[in-house]
Amino acid sequence: MPLNTVDALVQLSFVVQRALATVGAEHDLSVVQIRMLGVLRDREPGMLELGAYLGLDKSSITGLVSRAERRGLVRRSASPHDGRVVLVSLTPAGRELTAAGEVAIRDRVLALTEHLTSRQRAELTMLAGTIVGED
């Protein structure tokens, strides 16, 4: 029996989350740590802004950043524009791990669509972009 829209999207999210968790396990990272590194690829947000991106409260984001900092993946620095704001950025080691993780995630997620035609992949990309508001 074919899946309805809700079941199909939920099942798809499970498959993607499993791919992220597998890559994370290979690099000793949780899914939320992977998400944080992904956010930091192209920006240097403040702690509160990073928490908003990840949907985490202040104490949770502090713990997440502290753990990544101890691993040498991120660093905190004072904002040059506002001394009350603490910015978070990738270290060279964090950037290297993020790049490796990005390749591994790309390969795993693309493997999920390898049985689709190029037209189906393009349509899936367009529809997913519309759903997440990136159209």
Side-chain angles (χ1 to χ4, degrees):
M1 176 165 90
L3 295 173
N4 63 45
T5 301
V6 172
D7 289 341
L9 289 173
V10 169
Q11 291 297 320
L12 178 60
S13 75
F14 292 160
V15 170
V16 172
Q17 288 295 313
R18 188 174 329 126
L20 292 174
T22 300
V23 170
E26 292 168 356
H27 297 281
D28 195 29
L29 296 169
S30 67
V31 171
V32 74
Q33 287 171 319
I34 289 173
R35 290 180 56 217
M36 178 186 68
L37 295 176
V39 168
L40 296 174
R41 286 181 306 180
D42 59 358
R43 61 184 66 94
E44 192 174 306
M47 292 282 285
L48 292 178
E49 184 183 4
L50 182 58
Y53 278 122
L54 299 174
L56 298 174
D57 63 26
K58 186 177 178 180
S59 65
S60 296
I61 197 66
T62 298
L64 180 68
V65 170
S66 293
R67 286 186 297 281
E69 196 172 39
R70 281 193 298 275
R71 283 188 63 183
L73 303 176
V74 302
R75 72 172 141 269
R76 294 182 235 204
S77 60
S79 168
H81 308 292
D82 184 345
R84 299 168 297 172
V85 174
V86 175
L87 302 176
V88 183
S89 60
L90 291 173
T91 63
R95 195 157 296 286
E96 185 177 313
L97 180 59
T98 300
E102 186 174 359
V103 169
I105 290 167
R106 182 197 66 223
D107 290 349
R108 286 191 185 271
V109 172
L110 287 177
L112 299 173
T113 65
E114 67 188 0
H115 65 284
L116 300 177
T117 66
S118 60
R119 174 179 262 172
Q120 288 173 320
R121 279 192 298 278
E123 187 173 352
L124 176 62
T125 300
M126 186 273 303
L127 291 170
T130 300
I131 289 169
V132 300
E134 297 292 328
D135 54 346

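Only this structure's heavy atoms are used, side chains among them; waters, hydrogens and symmetry mates stay out.
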Let me have the donor-acceptor pairs involving side chains of residues 81-94, under 3.5 Å, with sequence neighbours excluded, atom names and distances please.
unit_1, atom_1, unit_2, atom_2, d
Asp82, OD1, Arg84, N, 3.0
Asp82, OD1, Arg84, NE, 3.0
Asp82, OD2, Arg84, NH2, 2.9
Thr91, OG1, Gly72, O, 2.5
Thr91, OG1, Leu73, O, 3.2
Thr91, OG1, Ala93, N, 3.4
Thr91, OG1, Gly94, N, 3.0

Problem set entry | Glu123 atom CD: more than 12 heavy-atom contacts under 6.0 Å | no
For this session: Working to the nearest 0.5 Å, report the span between CG of Leu112 and CZ of Arg121.
Result: 12.0 Å
Problem set entry | His27 and Val23, any side-chain heavy atoms less than 4.5 Å apart | yes
Exercise. Is there side-chain contact between Gln11 and Val15, with at least one heavy-atom pair below 4.5 Å?
Worked result: no
For this session: Give, for atom CG of Asp7 and atom CG of Asn4, the distance between the pair rounded to the nearest 0.5 Å.
Result: 4.0 Å
Exercise. Do Arg95 and Thr98 come within less than 4.5 Å of each other through their side chains, counting heavy atoms only?
Worked result: no
Problem set entry | side chain to side chain contact (heavy atoms under 4.5 Å, CB included) partners of Ser66, counting only residues at least two apart | Thr62, Arg70, Arg76
Problem set entry | Enclosure of Glu26 CD (heavy-atom neighbours >12, cutoff 6.0 Å) | yes
Exercise. How far does CG of Leu64 sit from CG of Leu54, to the nearest 0.5 angstrom?
Worked result: 6.5 Å
Exercise. With hydrophobic residues grouped by side-chain heavy-atom distances under 4.5 Å, do Leu20 and Val10 end up in a single group?
Worked result: no
For this session: Tell me whether Val6 is reachable from Phe14 by hopping between hydrophobic residues (I, L, V, M, F, W, Y) whose side-chain heavy atoms are closer than 4.5 Å.
Result: yes
Mind listing the side-chain donor-acceptor pairs of residues 29-52 below 3.5 Å, one per line with the distance, residues two or more places apart or on another chain?
unit_1, atom_1, unit_2, atom_2, d
Ser30, OG, Gln33, N, 3.1
Ser30, OG, Gln33, OE1, 3.3
Gln33, OE1, Ser30, N, 2.7
Arg41, NE, Gly38, O, 3.1
Arg41, NH1, Glu102, OE2, 3.1
Arg43, NE, Tyr53, OH, 3.3
Arg43, NH1, Val39, O, 3.2
Glu49, OE2, Tyr53, OH, 3.4

Problem set entry | From Ile105 atom CD1 to Arg108 atom CZ, the distance as rounded to the nearest 0.5 Å | 10.0 Å
Problem set entry | Flag side-chain contact, heavy atom, 4.5 Å: Leu127 against Leu124 | no
